[in-house]
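In what follows, a single structure is set out as structure tokens and then discussed.
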Amino acid sequence: MTIRAVLFDKDGTLLDFDATFGPAAHAVLDDLCTGDAATMADLAEIAGYDLATRRFSRDSIIFANATGDYAPFLAERLGIACDAALISRIDRLLEENSVRHAATLPGAEALLTDLAAANILTACITNDTESCARAQLATVGIDTHLKDVIGYDTGHGWKPDPGQINAFAQMNGLAPREIAFVGDSLHDMRAAKAAGVLAIGVTTGMHERAVLAEHADHVVEELGEVLGVVGVE
Ligand SMILES: [Mg+2]
């Protein structure tokens with residue numbers, strides 16, 4: 001069966017996570033702690049974030065999760081309720097402070113261009129908010145290639161559940177076997193497998209080949225290799 005759509009995770013797959021969110025995470029922690037250095041250090045440790053280098057550890061809880069997945073851990077340390085107001089406050093701060101720093105990973109734009117030339121649909125399936133994702137993708141100029149952007153708050157659930165992929169398939173009249181999903185996290189691979197689509201792991205983000213290989217149908221080291229995997233030469 002021919003692949004007719006290739007779906008992409010955003011952070012660590014299309015976009016450089018550290019470059020895009022490094023400064024924004026600092027702004028979020030600073031805001032949540034109202035400048036208290038000891039609390040900020042604790043939150044940074046919980047988040048898997050280095051305050052000095054403004055980079056994330058590969059196993060950071062922020063890397064592949066939706067805000068609602070990791071906010072409870074920050075709220076617990078702060079002694080505050082993890083409610084909708086806290087989650088929307090974090091999402092707003094992340095968007096305000098990340099969009100201007102958005103940066104693609106090598107080969108992202110070329111791959112989207114080549115897939116479009118081969119009449120293959122592309123879309124972004126992310127655990128970020130839809131509005132933040134759309135703004136970042138517009139900043140780096142690749143939004144125009146994408147048929148859709150589906151975030152954790154779009155209304156189809158979020159990874160590792162397959163709802164976002166299933167929704168894209170349904171909206172575009174595609175069978176799972178006509179779709180490939182490219183991502184850097186195990187959430188991505190689990191969502192792809194649950195949806196029954198081709199799972200392609202890429203080593204530009206969270207995990208090395210050996211970790212992804214246990215869960216993926218294919219593992220690539222760089223985005224350009226995806227063309228060969230989906231049969232575009
Ligand atoms: Mg990712």
Side-chain angles (χ1 to χ4, degrees), residues 6-22 24-25 47-49 55-70 90-91 94-95 98-99 101-109 111-112 122-130 132-137 139-140 142-143 146 148-154 156-165 168 179-195 197-223 225-226 229:
V6 180
L7 311 183
F8 292 88
D9 165 56
K10 177 169 66 70
D11 301 318
T13 302
L14 292 174
L15 299 188
D16 181 324
F17 185 64
D18 282 312
T20 304
F21 279 104
Y49 177 74
R55 295 176 68 87
F56 300 85
S57 63
R58 294 306 94 180
D59 61 352
S60 164
I61 57 173
I62 296 179
F63 212 131
N65 287 306
T67 314
D69 293 328
Y70 65 78
I90 293 172
D91 281 339
L94 284 174
E95 180 168 345
S98 68
V99 171
H101 297 288
T104 52
L105 283 164
E109 179 156 22
L111 174 58
L112 294 174
T122 58
C124 179
I125 306 287
T126 177
N127 278 356
D128 197 352
T129 65
E130 182 183 328
C132 185
R134 286 188 182 280
Q136 291 173 349
L137 294 165
T139 295
V140 297
I142 60 175
D143 58 320
L146 300 163
D148 208 350
V149 177
I150 301 176
Y152 88 79
D153 57 349
T154 302
H156 307 296
W158 58 88
K159 301 173 288 186
D161 292 332
Q164 294 158 298
I165 300 172
F168 179 87
I179 298 172
F181 187 93
V182 184
D184 69 303
S185 77
L186 298 189
H187 278 358
D188 296 324
M189 298 302 102
R190 289 179 177 129
K193 289 288 189 179
V197 306
L198 188 71
I200 305 174
V202 60
T203 60
T204 49
M206 289 185 82
H207 297 298
E208 296 174 352
R209 175 179 285 275
V211 176
L212 287 167
E214 288 180 31
H215 303 270
D217 296 308
H218 299 271
V219 179
V220 299
E221 307 274 338
E222 53 186 56
L223 286 173
E225 295 173 51
V226 169
V229 175

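From a predicted model like this one, the values you see are computed outputs, not experimental measurements. Basis for what follows: all heavy atoms, side chains included, without hydrogens, waters or symmetry-related copies. For ligands, and for the atoms within them, numbers begin at 1 and follow the listed sequence.
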Is the ring pair Phe56/Tyr49 parallel, tilted or perpendicular, if the boundaries are 30 and 60 degrees?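 The arrangement is tilted - the two ring planes meet at 30° to 60°.
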Presence of salt bridge, Arg58 and Asp18, under 4.0 angstrom: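 Salt bridge flag = yes for Arg58 with Asp18.
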If you have a sec, read the angle at the Mg ion (ligand 1) from Asp9 atom OD2 over to Asp184 atom OD1, to 10 degrees.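 OD2 of Asp9 and OD1 of Asp184 make an angle of 80° at the Mg ion (ligand 1), to the nearest 10°.
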Given the rule in the salt bridge (charged side-chain N to carboxylate O under 4.0 Å, His left out) test, do Asp188 and Lys159 qualify, once you have shown the distances and angles that lead to the verdict? CA-CA 6 Å; Asp188 296 324; Lys159 301 173 288 186; 2.9 Å; yes
Spatial distance of atom NZ (Lys10) from atom CZ (Phe21) [nearest 0.5 Å]: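 So the NZ of Lys10 and the CZ of Phe21 are separated by 4.0 Å.
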Check all N, O or S atoms of Asp11 and name the one closest to the Mg ion (ligand 1).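 In Asp11, the heteroatom (N, O or S) nearest the Mg ion (ligand 1) is O.
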Is any N, O or S atom of Asp188 under 2.8 Å away from the Mg ion (ligand 1)?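 Under 2.8 Å: Asp188 has no N, O or S contact with the Mg ion (ligand 1).
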